[in-house]
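Worksheet for the structure shown next.
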Amino acid sequence: MENNEMQDIINILDEDGKEHSLEIVDALEYNDRQYLALLPMYDEDEAQEQLEESGELVILRVSNEQDEDGQDYLECIEDDDEYKTVSEMFVKRLEEEYDFDDESTSEE
């Protein structure tokens, strides 16, 4: 995980090696684990397309492991109950700033 602290933007690589930029919109701790709520960032070519669709909140857990540079890894939440609990916590915390529907959260 690469962190640009001034803008709260991180860049992550997916399983295919493709880089994605995400904005950190919130962080919380639950059961001694840290979680991040993120919004995908889009380049100019993708921006118009994304303006026509609603944004999608991505929720990831900060891993207990770090890379060789001491950077934290982010991981998907595999447990459905854990994901549901954490996503509901984020929605409740962020509902005044963002409009959510039942399908507004996603695992990356």
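The chain is numbered in sequence order, starting from 1. Worth saying up front: this structure is predicted, and the values here are computed from it rather than measured.
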Check: To the nearest 0.5 Å, how far apart are CG in Leu28 and NZ in Lys92?
Finding: 13.0 Å
Check: Any side-chain heavy atom of Leu39 sitting closer than 4.5 Å to one from Leu22?
Finding: no
Notebook entry, point to check: Just by distance, do the side chain of Asp69 and the backbone of Gln71 share a donor-acceptor pair under 3.5 Å?
Noted result: no
Note to self: Show, in sequence, the C-alpha distance, side-chain angles and deciding distance for Tyr73 and Val62, and conclude whether the side-chain contact (heavy atoms from CB on, under 4.5 Å) test is met.
What the structure shows: CA-CA 6 Å; Tyr73 285 113; Val62 177; over 6 Å; no
Check: Hey, is Arg33 close enough to Glu82 for a salt bridge, meaning N to O under 4.0 Å?
Finding: no
Next item on the list: Drop me the distance from Leu60's CG to Cys76's SG, to the nearest 0.5 angstrom.
Entry: 6.0 Å
Next item on the list: Find out whether Ile59 and Tyr83 are in side-chain contact, i.e. whether some heavy atom of one side chain is under 4.5 Å from a heavy atom of the other.
Entry: yes
Check: If you count the non-hydrogen atoms of other residues, nucleotides and ligands that lie under 6.0 Å from CD in Glu65, is the total more than 12?
Finding: no
Check: Side-chain contact, heavy-atom cut-off 4.5 Å: Met89 with Tyr30?
Finding: yes
Next item on the list: For residues Met41 and Ile9, determine if any side-chain heavy atom of one lies less than 4.5 Å from a side-chain heavy atom of the other.
Entry: yes
Notebook entry, point to check: What distance separates Gln34 CD from Arg61 CZ, expressed to the nearest 0.5 Å?
Noted result: 12.0 Å
Item checked: Check: Ser21 and Ile10 side chains under 4.5 Å, non-hydrogen atoms -> no
Check: Got Val25 and Leu57 here, is their nearest side-chain heavy-atom distance under 4.5 Å?
Finding: yes
Check: Is there a donor-acceptor pair closer than 3.5 Å between any side-chain N or O of Asp14 and the backbone N or O of Asp16?
Finding: yes
Next item on the list: Give, for atom CD of Glu75 and atom CG of Asn64, the distance between the pair rounded to the nearest 0.5 Å.
Entry: 7.0 Å
Notebook entry, point to check: For the side chain of Arg93 and the backbone of Asp26, is there at least one donor-acceptor N/O pair under 3.5 Å apart?
Noted result: no
Next item on the list: Side-chain contact test, heavy atoms from C-beta onward, threshold under 4.5 Å: evaluate it for Leu74 versus Leu36 and give yes or no.
Entry: yes
Note to self: Within this structure, what is the NE2-CG distance for the pair His20 and Asn11, rounded to the nearest 0.5 Å?
What the structure shows: 10.5 Å
